[in-house]
Amino acid sequence: MSTQFDVVVFGATSFVGQILCRHLFTRHGASGGELSWAMAGRSRSKLERVRGDLGAGAANIPLILANADDETALSTLCAQTRVVISTVGPYALFGSELVRICAETGTDYCDLTGEVQWIRRMIDAHEDTAQKSGARIVHCCGFDSVPSDLGLHFFQTEARKRFGAPSSRVKMRVKAAKGGFSGGTVASLLNVVQEARKDPVLRKQLANPHLLCPPDARKGVRQPNVTFAEYDPDARSWLAPFVMAAINTRVVHRSNAIAGFPYGQDFVYDEAMMTGISSKGRLTAMSVALGMAGFMTASIIPPTRWLLQRFVVPKPGEGPSPAEQASGFFDVRFFGRGGAGDELLMTKVTGDRDPGYGSTGKMLGEAGACLALDIPKDAKGGFWTPSTLLGDAFLQRLQAHAGLRFEVVGQ
C-alpha cells in the first residue's frame, strides 16, 4: 500500500503527544529524513501552536485534522500512513473507533494505554479483522508496559545463556523511580474504576492475571499478588504494592501465551515496589499499601471521587514540567533462578527521564518508528505486545535513542 507518511501522531496536542512530537522532531527532523511523519488532532490552531513550539525547521511538519469520533476523517488519516501512534485517552472513551478503522484498513497502530479492560474489548472485537487485513496492533508501548515486557524478554534471554532454559518464576521489583502523574493518566485510571464499580462481570475479569491471553489460555497457574507489606529475600527488601502491576502482569502473560509459552505454561510472574530492608522499609511498605487502598476507595465513592478530581489529582492536559521530566528516572529489577544450583540471576532496566511522560514519549516514538521501519511488511496481522512483535529491534532502539538501559546486575 502506497502511503504519504511512515507515521502519524494522533493526539499530537495532548500532554504526552507534545513530548512524543519533540522526540520525533529531534530524531528525524520535519521531513525528508529516515522517517516521514505528520501531526494529527482535532484543532488546527492547537496543532500549529505545538508545531511552532518545536522551534526552527518545524514549519514543514504536515498537519492533519481528525476527531476521535469522525469515521470519515479517521479513515482518511489511515489512508495516508503506514503507522498511527495514538495518545488520545482515556482510550475506553476516545480510542475505539480508531482501532476499528486501523484493523479494517490494515494500518499498523501503537499507543500507550494501560486500560486492560479496553484492550480486552479491542482484542475480542477486532483480532480476526486485523489478522485478515494485516494490521499489527500494539498496545502498551510506554511505561505501561515496555520496561516489564521488554525487561522480561531481556531477562529470559540472559537466563537461557546462563541456565540453558528460561526461568519459570520471575519477580519484577521497582527499586526506584521519580516522576509525576499527568491528568490523562489519572482520568484513565478513574474511568477503569468507574467501569468496574458498575459491572460485576468486569470486576471478575480484571482480577484474572490471564485476562489478555487468547480465549483458550485465559486460565493458568495461580499467580502471586503483593497487596500489603511483605519481605522478599531475593530482592533483600520489604515490598509494597505497585500501582502498574495489574496492567504489566497481564501484558507479560499475553506475551508468553501468544508466543507459544516460551517461558512455560506454568510461568509465574509478579511485580512490586522495593521499600528497603530495615524496619523503616516495612513501615514505608505498609504506608504505601494503605495509601493506595485509600485512594482506590475514595475514587469509587461519588462524593470523594468528586473531591479528588476537583482538588487533588491533576486535570487532563496537566503533568510534570520539562525540568521535572528531565530530572526523573526509573530503575526496575528482575529476579529469577535457574540451573543445577538454583542460582539467582538479576537484571535491571533503567530510564533517564520521568517514567510516565519524558521516558514514555521516547518509548512510544521508537515503537512507532520500529513498526514503520524494522518490522517485515509480511509480519502477521493481529494484536501483539511490544516484546512479541517489536522484540530485539525495539530493544536496540530503546537503548540507542530512548535513554533506556538493559543490563545484567548479578548472578
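Nothing fancy with the numbering, it's 1 onward along the sequence.
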Checklist entry - Any chance the rings of His139 and Trp384 have centres within less than 6.0 Å? => result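 Judged by ring-centre distance (under 6.0 Å), His139 and Trp384 do not meet the cut-off.
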Any side-chain heavy atom of [X] within less than 4.5 Å of one from [Y]?
X: Asp111; Y: Ile85; value: no
X: Lys377; Y: Arg82; value: yes
X: Phe335; Y: Phe155; value: no
X: Leu202; Y: Pro200; value: no
X: Ser359; Y: Phe330; value: yes

Checklist entry - Going through the checks in order, is the ring-ring contact (aromatic ring centres under 6.0 Å, His included) test met by Phe261 and Phe267? => result CA-CA 8 Å; Phe261 297 101; Phe267 178 62; 10.0 Å; no
Looking at [Y], is its backbone amide N or carbonyl O close enough to the side chain of [X] to form a donor-acceptor pair, meaning the two atoms are under 3.5 Å apart?
X: Arg405; Y: Gln399; value: yes
X: Thr360; Y: Phe143; value: yes
X: Asp69; Y: Glu97; value: no
X: Thr347; Y: Val408; value: no
X: Arg250; Y: Leu206; value: yes
X: Arg51; Y: Ile61; value: yes
X: Arg337; Y: Asp342; value: yes
X: Gln80; Y: Thr76; value: yes
X: Asn256; Y: Gly264; value: yes
X: Gln223; Y: Tyr269; value: yes

Checklist entry - Around atom CZ of Arg42, are there more than 12 heavy atoms of other residues, nucleotides or ligands at under 6.0 Å? => result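 Not buried by this count: 12 neighbours or fewer within 6.0 Å.
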Please determine if [X] and [Y] form a salt bridge, counting it only when a charged side-chain N lies under 4.0 Å from a carboxylate O.
X: Glu104; Y: Arg100; value: yes
X: Asp108; Y: Arg136; value: yes
X: Lys178; Y: Glu324; value: no
X: Arg222; Y: Asp270; value: no
X: Arg173; Y: Asp234; value: no
X: Arg254; Y: Glu127; value: yes
X: Arg169; Y: Asp266; value: no
X: Asp352; Y: Lys362; value: yes
X: Arg203; Y: Asp199; value: no

Does a side chain donor of either [X] or [Y] reach within less than 3.5 Å of an acceptor in the other side chain?
X: Ser36; Y: Asp6; value: yes
X: Gln156; Y: Ser167; value: no
X: Ser387; Y: Ser255; value: yes
X: Asn191; Y: Glu195; value: yes
X: Trp118; Y: Thr113; value: no

Checklist entry - Can Thr284 and Ser287 be said to form a side chain to side chain donor-acceptor pair (under 3.5 Å), step by step? => result CA-CA 5 Å; Thr284 300; Ser287 298; over 6 Å; no
Which distance, rounded to the nearest 0.5 Å, do you find between the [atom1] of [X] and the [atom2] of [Y]?
X: Met122; Y: Leu212; atom1: CE; atom2: CG; value: 12.5 Å
X: Met363; Y: Cys140; atom1: CE; atom2: SG; value: 12.5 Å
X: Leu77; Y: Phe5; atom1: CG; atom2: CZ; value: 9.0 Å
X: Leu74; Y: Ile101; atom1: CG; atom2: CD1; value: 4.5 Å
X: Phe242; Y: Met274; atom1: CZ; atom2: CE; value: 13.0 Å
X: Glu407; Y: Met346; atom1: CD; atom2: CE; value: 11.0 Å

So which atom in [X] and which in [Y] form the shortest heavy-atom distance, rounded to 0.1 Å?
X: Phe394; Y: Pro386; answer: CE2-CB, 4.2 Å
X: Leu47; Y: Gly41; answer: CD1-N, 3.6 Å
X: Ala285; Y: Ala229; answer: CB-CB, 3.6 Å

Item to check | Ser14 vs Thr87, side chain to side chain donor-acceptor pair (under 3.5 Å): CA-CA, chis, key distance, verdict | outcome: CA-CA 7 Å; Ser14 70; Thr87 69; 2.7 Å; yes
Item to check | Step-by-step side chain to side chain donor-acceptor pair (under 3.5 Å) determination, Ser145 to Asn248 | outcome: CA-CA 5 Å; Ser145 299; Asn248 298 332; 2.7 Å; yes
Item to check | side chain to side chain donor-acceptor pair (under 3.5 Å) between Gln117 and Gln205, intermediate numbers included | outcome: CA-CA 8 Å; Gln117 88 291 3; Gln205 289 179 340; over 6 Å; no
Item to check | Test side-chain contact (heavy atoms from CB on, under 4.5 Å) applied to Thr385 and Val251, Val146, Val138, the passing residue | outcome: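 Among the candidates, only Val251 passes.
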Next on the checklist: Taking the six-membered ring of Trp238 as reference, does the cationic atom of Arg282 (NZ for Lys, CZ for Arg) lie under 6.0 Å from its centre and within 45° of its axis?
Outcome noted: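 Yes, a cation-pi geometry holds between Arg282 and Trp238.
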